[in-house]
Amino acid sequence: MELSKRQEAILEIVKKEGPITGEQIAERLSLTRATLRPDMAILTMAGLLEARPRVGYYYSGKTPNKVIAEKLHRIKVGEVKSIPVVVSEHCSVYDAVVTMFIEDVGTLIVVREGGILEGVISRKDLLKITLGGQDIHKLPVGVVMTRMPNVITVGPDDSVWLAAKKLITHEVDALPVVRPVEGGDKNKDLEVIGRLSKTNITRLFVELGEGN
Ligand code: ADP
């Protein structure tokens, strides 16, 4: 985040003299309170300054980068996830390709009864199997998918930062969003409740860039 000269000056004054009222800051800069109002709002919204009624402004001690990092750790996967596009492992490779086109996704999530995670299929998994020359109308996706327990997942309460880190570390395009099934094995019985892809992260990035 780039600050204007005036915002830098305000920050310096508050760092040295805070807590300090808006009136006093305006006096130091020989400006009116009204002129300063937008700057005070920006600095407060960005988390650099904090305001307490009847006390005044004080410096939060956070750098702009730290404020961004905190925000990314605060936003939860559950807030940005998409609806999962799921198929059964008996679905044919042909039908999986058609589903990808119709649903406009690059990753299909394979579930068994009750929406329990079994695996994932990517575009390249499907391309690879079509090179084998087998009958893709008969071949089930179960033979090409990446199967549990090798599927990388996230929970709805995990941060989007953690999700993005997993996407990059494991070099995959999407993660099933899951929650443990009550009374089930918490490593094996995971109910699929969403999908988090690189697109969700990119969309969030754009929204944050727009100041939303
Ligand atoms: P693409 O194959 O279209 O480039 P990915 O990079 O997501 O898409 O997939 C690469 C490989 O990783 C594929 O074999 C796929 O089955 C597997 N894969 C995709 N998503 C996951 C995931 N969340 N956990 C584990 N493996 C995955």
Side-chain angles (χ1 to χ4, degrees), residues 69 71-209:
K71 189 166 260 175
L72 290 180
H73 283 276
R74 248 194 337 258
I75 302 172
K76 303 288 177 217
V77 165
E79 297 169 49
V80 300
K81 69 177 165 52
S82 297
I83 293 168
V85 177
V86 301
V87 293
S88 118
E89 79 169 291
H90 308 296
C91 166
S92 70
V93 167
Y94 177 89
D95 285 337
V97 173
V98 172
T99 306
M100 266 191 190
F101 275 105
I102 292 175
E103 302 287 348
D104 196 16
V105 291
T107 309
L108 298 175
I109 301 175
V110 182
V111 295
R112 63 172 190 266
E113 218 174 293
I116 309 303
L117 179 63
E118 295 246 281
V120 289
I121 316 162
S122 76
R123 281 174 283 220
K124 261 182 253 146
D125 291 334
L126 294 173
L127 282 176
K128 196 162 60 188
I129 200 73
T130 58
L131 293 178
Q134 302 176 65
D135 184 355
I136 61 167
H137 289 274
K138 294 216 180 94
L139 206 60
V141 290
V143 301
V144 290
M145 70 184 187
T146 297
R147 192 176 278 280
M148 281 293 278
N150 298 322
V151 179
I152 313 298
T153 63
V154 272
D157 295 326
D158 287 333
S159 70
V160 286
W161 179 84
L162 180 72
K165 178 103 177 147
K166 284 187 174 184
L167 288 170
I168 292 295
T169 308
H170 298 281
E171 296 181 3
V172 293
D173 291 346
L175 306 169
V177 181
V178 296
R179 66 172 167 225
V181 176
E182 240 176 85
D185 179 331
K186 72 174 175 20
N187 295 313
K188 273 199 324 213
D189 299 326
L190 301 171
E191 184 191 355
V192 176
I193 57 167
R195 169 174 61 93
L196 191 116
S197 70
K198 287 181 176 170
T199 305
N200 296 114
I201 303 289
T202 311
R203 188 177 299 130
L204 177 66
F205 188 89
V206 170
E207 283 173 12
L208 290 175

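Side chains included, hydrogens not; waters and symmetry mates left out as well; all remaining heavy atoms used. Each ligand, and each atom within it, is numbered from 1 in the order the structure gives.
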Visitor: For ligand 1, does P176 get within less than 4.0 Å through its side chain, its backbone, both, or neither, judged by non-hydrogen atoms?
Guide: side chain
Visitor: Among the heavy atoms of T107, does any lie under 4.0 Å from an atom of ligand 1?
Guide: no
Visitor: What residue and atom, counting heavy atoms only, is the protein's closest point to atom 19 (C) of ligand 1, and at what distance?
Guide: V172 CG1, 3.6 Å
Visitor: Which residue and non-hydrogen atom of the protein lie closest to atom 16 (O) of ligand 1, and at what distance in Å?
Guide: D125 OD2, 2.4 Å
Visitor: Strictly under 4.0 Å, does any heavy atom of G119 approach an atom of ligand 1?
Guide: no
Visitor: Tell me: protein heavy atom nearest atom 7 (O) of ligand 1, and distance?
Guide: D173 N, 2.8 Å
Visitor: Any non-hydrogen side-chain atom of R112 less than 4.5 Å from a side-chain atom of D189?
Guide: yes
Visitor: Measure from the side-chain N and O atoms of R147 to the backbone N and O of G142, and report whether any donor-acceptor pair falls under 3.5 Å.
Guide: yes
Visitor: Give me the residue, atom name and distance of the protein heavy atom closest to atom 4 (O) of ligand 1.
Guide: K124 NZ, 2.9 Å
Visitor: Is it true that a side-chain atom of K188 and a backbone atom of P149 form a donor plus acceptor pair closer than 3.5 Å?
Guide: no
Visitor: Nearest heavy-atom pair of V80 and N200: which atoms, and what distance?
Guide: O-ND2, 3.0 Å
Visitor: Just which atoms of ligand 1 are under 4.0 Å from any heavy atom in V151?
Guide: 24 (N), 25 (C)
Visitor: Judged by atom type as modelled, is there a donor-acceptor pair below 3.5 Å linking the side chain of R195 to the main-chain atoms of P176?
Guide: no
Visitor: Of the backbone atoms (N, CA, C, O) and the side-chain heavy atoms from C-beta on, which set of H170 has a member under 4.0 Å from an atom of ligand 1: side chain, backbone, both, or neither?
Guide: neither
Visitor: So, does G106 sit close enough to ligand 1 that a heavy atom of it is under 4.0 Å from the ligand?
Guide: no
Visitor: So which protein heavy atom does atom 17 (C) of ligand 1 come closest to, and at what separation?
Guide: T146 OG1, 3.5 Å
Visitor: Quick test of your reading of the model: are D157 and R179 salt-bridged, counting only N-O distances below 4.0 Å?
Guide: no
Visitor: Using a 4.0 Å cut-off to any heavy atom of R123, which atoms of ligand 1 qualify?
Guide: 3 (O)
Visitor: With side chains defined as the heavy atoms from C-beta onward, is the minimum distance between I201 and L196 less than 4.5 Å?
Guide: yes
Visitor: Could an N or O of ligand 1 be found under 3.5 Å from any N or O of I121, whether backbone or side chain?
Guide: no
Visitor: Between V77 and S159, which heavy-atom pair has the shortest distance, and what is it?
Guide: CG2-O, 3.7 Å
Visitor: Could you check whether any side-chain heavy atom of M148 comes within less than 4.5 Å of a side-chain heavy atom of L190, counting everything from C-beta outward?
Guide: yes
Visitor: Would I152 count as being in polar contact with ligand 1, using the rule that some N or O on each side must be under 3.5 angstrom apart?
Guide: yes
Visitor: Enumerate the atoms of ligand 1 whose separation from the nearest heavy atom of A174 is less than 4.0 angstrom.
Guide: 20 (N), 22 (C), 23 (N)
Visitor: Considering only protein heavy atoms, which is closest to atom 10 (C) of ligand 1, and at what distance to one decimal place?
Guide: S122 OG, 4.1 Å
Visitor: Using a 4.5 Å cut-off on heavy atoms from C-beta on, say whether the side chain of S122 contacts that of D173.
Guide: no
Visitor: At less than 4.0 angstrom from any non-hydrogen atom of E171, what atoms of ligand 1 do you find?
Guide: 6 (O)
Visitor: Measuring only between side-chain heavy atoms, which start at C-beta, is V87 closer than 4.5 Å to D95?
Guide: no
Visitor: Which residue and non-hydrogen atom of the protein lie closest to atom 25 (C) of ligand 1, and at what distance in Å?
Guide: N150 O, 3.3 Å
